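Every value quoted in this text rests on a predicted model; they were computed, and no experiment measured them.
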Amino acid sequence: MKPVRVRFAPSPTGPLHIGGVRTALFNYLFAKKNKGTFYLRVEDTDQNRFVPGAETYILEALEWLGIAPDETVGKNEKFGPYRQSERKEMYAQYALKLIETGHAYYAFDSNESLETLRKTEEEQGKTFIYNWHNRSSLDTSLPLSKEETKKRIDSGEPYVIRFKNLENTVISFTDLIRGDLHVDSKVLDDKVLFKSDGMPTYHLANVVDDHLMETSHVIRGEEWLPSLPLHVQLYKAFGWEQPEFAHLPLLLKPIGNGKLSKRDGDKMGFPVFPLEWNDPFTNETSSGYREKGFFPEAVCNFLALLGWNDGTEQEIFTLEELVDKFDLSRIHKAGAKFDPEKNKWFNHIYLQNRSLNDLVDSFKKELDQKGIPAEGKPLSTIVSLIKERAHFVSEFWQLADYFFIAPKTYDEKGLKNWQEESAAHFETVINAIQEIAIFDADSIEKEIKSVLTTHEIALGKMMPLLRVALVGSLQGPNLFAIMACLGKDETINRMKTLLFHQKK
């Protein structure tokens with residue numbers, strides 16, 4: 001068995017879609033599982049769609065996710081160059097080889113003439129297909145002698161090179177996910193392999209590069225499945241051993257049918273790109289997972305389970321566990337629906353498992369950015385109290401602001417239990433708090449519950465009022481833990497402030 005070499009081959013036409021991230025991830029997992037190589041090739045043959053900064057973005061995204069390629073532009077270029085635009089000189093020879101062996105031909109049709117043919121077919125309720133049933137009657141080299149063809153080319157007449165599909169043949173091939181497949185050649189176009197601008201199309205460059213770079217398996221999105229009959233024929237035409245193919249199921253919209261798009265993310269408020277992207281042409285900014293506060297490990301874990309599982313109920317996997325368990329045979333054929341809430345749930349779980357020191361450091365940075373002094377505050381305790389309610393570190397401030405800033409307003413629902421005797425009860429609790437020697441949560445709870453029992457003050461009515469005094473609302477973790485974090489003086493001050501507020 002030849003060494004496993006798999007690739008992720010994006011086009012630098014914009015930011016990396018989350019579906020592309022999953023494709024890269026599955027290639028990475030397969031390579032590492034089989035002690036192979038994962039490489040990245042930049043397929044930039046379509047210069048009209050090239051977007052500045054996109055290539056750098058793609059590489060940075062894979063680095064952030066922890067699935068950086070073993071080989072790519074500027075890194076271990078064993079089969080370089082790794083940009084197709086820098087390999088363009090070699091493709092012409094392969095296109096000419098197909099001409100010489102009778103597997104391709106020159107086509108001189110203008111865009112205008114082809115458009116006219118398409119419209120004519122449509123008017124008759126048909127679909128125009130450029131292949132064996134009509135190619136000899138079109139403006140091609142097939143009915144011409146070599147001399148006539150050369151004369152037209154030498155005169156500077158524009159042309160493309162098209163693949164010559166087999167006639168009346170059923171093309172059979174195997175996909176590792178979908179099994180044995182069969183396609184009748186009569187429905188296949190004679191695709192353009194080499195364009196008039198001297199650049200190859202995706203089909204030629206992709207097959208040539210996969211061969212020259214010794215790709216063992218092509219793992220790519222389902223949208224490329226219609227191209228597989230052509231690619232299989234190209235390998236046979238060149239006399240090359242073809243790689244094994246696996247076409248991944250689509251990522252589907254959270255609601256409705258169809259492929260997940262940026263519009264779905266904009267509409268429902270979730271990112272579809274790994275990193276924030278600023279479009280150099282429109283200056284429009286699109287949100288990214290990194291900037292939204294997602295952990296890269298959580299993103300990879302979530303994406304791995306969109307279309308694959310290990311056959312168990314386990315959902316939380318480290319990257320190392322995913323590598324160990326990954327198997328192409330466990331990938332589903334059907335599309336996987338993207339669930340934004342499940343996506344957040346994964347991040348919540350990873351946040352809970354994060355080291356407390358990491359979370360505290362992240363929270364400190366956020367407090368610094370807001371200009372909130374944190375000196376003297378028990379940040380470790382505060383983070384421990386609030387983290388279970390958070391999906392992202394960025395939510396910590398919203399969950400913990402009352403630890404740093406006393407409430408200026410009070411939730412009316414929380415004050416519905418305030419009665420005429422509540423002021424006196426508050427004074428009783430304040431006096432009890434002042435006498436607590438060791439001001440920790442256990443001591444506070446014991447003393448307050450004791451004094452409430454002694455004075456026959458209803459616990460169910462007093463506790464919500466105490467919470468509103470300290471927090472401003474009925475939200476937050478254990479009340480006695482909040483008091484311990486605030487300290488005795490601040491706790492008493494906030495209770496007195498509510499007293500004054502209610503007396504006005």
Side-chain angles (χ1 to χ4, degrees), residues 8 10 13-26 28-29 51 53-54 57-58 60-67 221-223 248-279 282-309 315-317 319 322 332 334-354 359 362-363 366 369 386-399:
F8 178 52
T13 55
L16 180 59
H17 187 274
I18 202 67
V21 172
R22 188 194 59 170
T23 298
L25 173 65
F26 281 14
Y28 175 92
L29 296 176
V51 176
Y57 175 98
I58 292 167
E60 185 181 347
L62 297 183
E63 290 276 1
W64 176 70
L65 289 159
I67 54 173
E222 180 184 323
E223 62 269 25
L248 307 175
L250 293 175
L251 291 190
L252 305 176
K253 299 172 181 288
I255 300 173
N257 299 316
K259 186 178 177 180
L260 178 70
S261 70
K262 177 180 177 297
R263 187 175 301 172
D264 298 312
D266 292 341
K267 189 185 301 182
M268 300 181 68
F270 63 88
V272 295
F273 304 130
L275 314 179
E276 187 175 89
W277 169 255
N278 185 262
D279 191 299
T282 66
N283 212 31
E284 177 188 3
T285 298
S286 300
S287 64
Y289 276 85
R290 181 177 65 183
E291 290 73 18
K292 284 285 188 180
F294 281 87
F295 298 115
E297 304 93 332
V299 176
C300 287
N301 193 160
F302 170 67
L303 288 177
L305 298 184
L306 290 180
W308 172 88
N309 68 63
E315 290 189 285
I316 304 302
F317 296 88
L319 193 59
L322 288 172
H332 312 153
K337 188 159 285 192
F338 190 93
D339 184 346
E341 291 306 310
K342 188 74 171 181
N343 197 5
K344 288 167 61 177
W345 176 83
F346 271 96
N347 210 66
H348 170 77
I349 297 299
Y350 274 82
L351 188 150
Q352 307 314 309
N353 295 332
R354 207 78 169 183
L359 296 177
S362 298
F363 191 33
E366 190 171 353
Q369 290 173 357
I386 63 170
K387 71 172 189 172
E388 289 185 7
R389 294 168 174 80
H391 289 92
F392 306 98
V393 172
S394 59
E395 294 173 345
F396 281 5
W397 172 249
Q398 184 181 352
L399 292 167

| Side-chain heavy atoms of Leu305 within contact of Phe346, under 4.5 Å | yes
| task | Would you check, one step at a time, whether the test side-chain contact (heavy atoms from CB on, under 4.5 Å) holds for Tyr28 with Leu322? | result | CA-CA 10 Å; Tyr28 175 92; Leu322 288 172; over 6 Å; no
| message | For Ala334, is there any backbone N or O sitting under 3.5 Å from a side-chain donor or acceptor partner on His332? | response | no
| task | Grab the two heavy atoms, one from Lys344 and one from Phe392, that are nearest each other, plus how far apart they are. | result | CG-CZ, 3.9 Å
| task | Look only at the side chain of Arg389 and the backbone of Leu399, and say whether a donor-acceptor pair between them is shorter than 3.5 Å. | result | no
| query | Do the side chains of Asp264 and Leu252 get nearer than 4.5 Å, heavy atoms only? | reply | no
| query | Nearest 0.5 Å, what's the CD1-CG distance between Ile67 and Leu62? | reply | 5.0 Å
| Which heavy-atom pair separates Phe302 from Asp339 by the least distance, and what is that distance? | CZ-O, 3.7 Å
| request: Taking the six-membered ring for Trp and the full ring for Phe, Tyr or His, determine whether the centres of Tyr350 and Phe295 are under 6.0 Å apart. | output: no
| request: Check Pro340 against Met268 and note the closest heavy-atom contact, atom names and distance. | output: CG-CE, 4.4 Å
| More than 12 foreign heavy atoms under 6.0 Å from NZ of Lys342: is that the case here? | yes
| Is a side-chain donor or acceptor of Gln352 paired with a backbone partner of His348 at a separation under 3.5 angstrom? | yes
| query | Do the side chain of Glu291 and the main chain of Glu276 share a donor and acceptor less than 3.5 angstrom apart? | reply | yes
| message | Before you tell me yes or no, could you show the steps for Leu16 and Phe8 under side-chain contact (heavy atoms from CB on, under 4.5 Å), namely the whole-Å CA-CA distance, both residues' side-chain angles and the distance that decides it to 0.1 Å? | response | CA-CA 12 Å; Leu16 180 59; Phe8 178 52; 3.5 Å; yes
| query | Do other residues, nucleotides or ligands put more than 12 heavy atoms under 6.0 Å from the CD atom of Gln398? | reply | no
| field | Lys253 atom NZ, over 12 foreign heavy atoms within 6.0 Å | value | yes
| task | Can you see which heavy atom on Pro271 is nearest to which on Gly288, and at what distance? | result | CB-C, 3.9 Å
| query | Side chains of Leu260 and Pro254: closer than 4.5 Å at any heavy-atom pair? | reply | yes
| field | Steps toward side-chain contact (heavy atoms from CB on, under 4.5 Å) verdict (Leu319, Leu25) | value | CA-CA 10 Å; Leu319 193 59; Leu25 173 65; 4.2 Å; yes
| task | Check whether any side-chain heavy atom of Arg22 sits under 4.5 Å from a side-chain heavy atom of Pro249, and report yes or no. | result | yes
| said: Can you give me the closest heavy-atom contact between Ala336 and Gly307, atom names plus distance? | reply: CB-N, 3.7 Å
| How many angstroms lie between atom CG of Leu303 and atom OG1 of Thr23, to the nearest 0.5 angstrom? | 10.0 Å
| said: Please find the pair of heavy atoms, one from Ser362 and one from Val393, that lie closest to each other, and give the distance. | reply: CB-CG1, 3.6 Å
| said: According to ring-ring contact (aromatic ring centres under 6.0 Å, His included), who are the partners of Phe317, at least two apart in sequence or on a separate chain? | reply: none
| Any chance CD of Glu388 has more than 12 other-residue heavy atoms, nucleotides or ligands included, within less than 6.0 Å? | no
| Below 4.0 angstrom, N of the basic side chain to O of the carboxylate: do Lys262 and Glu284 qualify? | yes
| Would you find a donor on one side and an acceptor on the other, under 3.5 Å apart, between the side chain of Asn347 and the backbone of Val299? | no
| message | Go through it in stages, so that I can follow the logic: the residues are Phe396 and Leu359, the test is side-chain contact (heavy atoms from CB on, under 4.5 Å), and I'd like the CA-CA distance, side-chain angles, deciding distance and then a yes or no. | response | CA-CA 10 Å; Phe396 281 5; Leu359 296 177; 4.2 Å; yes
| Pairing of Arg354 and Glu297 as salt bridge, 4.0 angstrom limit | yes
| said: Quick check: do Glu315 and Trp345 have side-chain heavy atoms less than 4.5 Å from each other? | reply: yes
| query | Between Tyr57 and Trp277, is the gap from one ring center to the other below 6.0 Å? | reply | yes
| Pairwise side-chain contact, His391 with Leu351, heavy-atom cut-off 4.5 Å (strictly under) | no
| request: Can you sort out the partners of Phe270 under ring-ring contact (aromatic ring centres under 6.0 Å, His included), two or more places apart, ordered by chain and number? | output: Phe338
| field | Residue pair Leu65 / Tyr289, side-chain heavy-atom distance below 4.5 Å | value | no
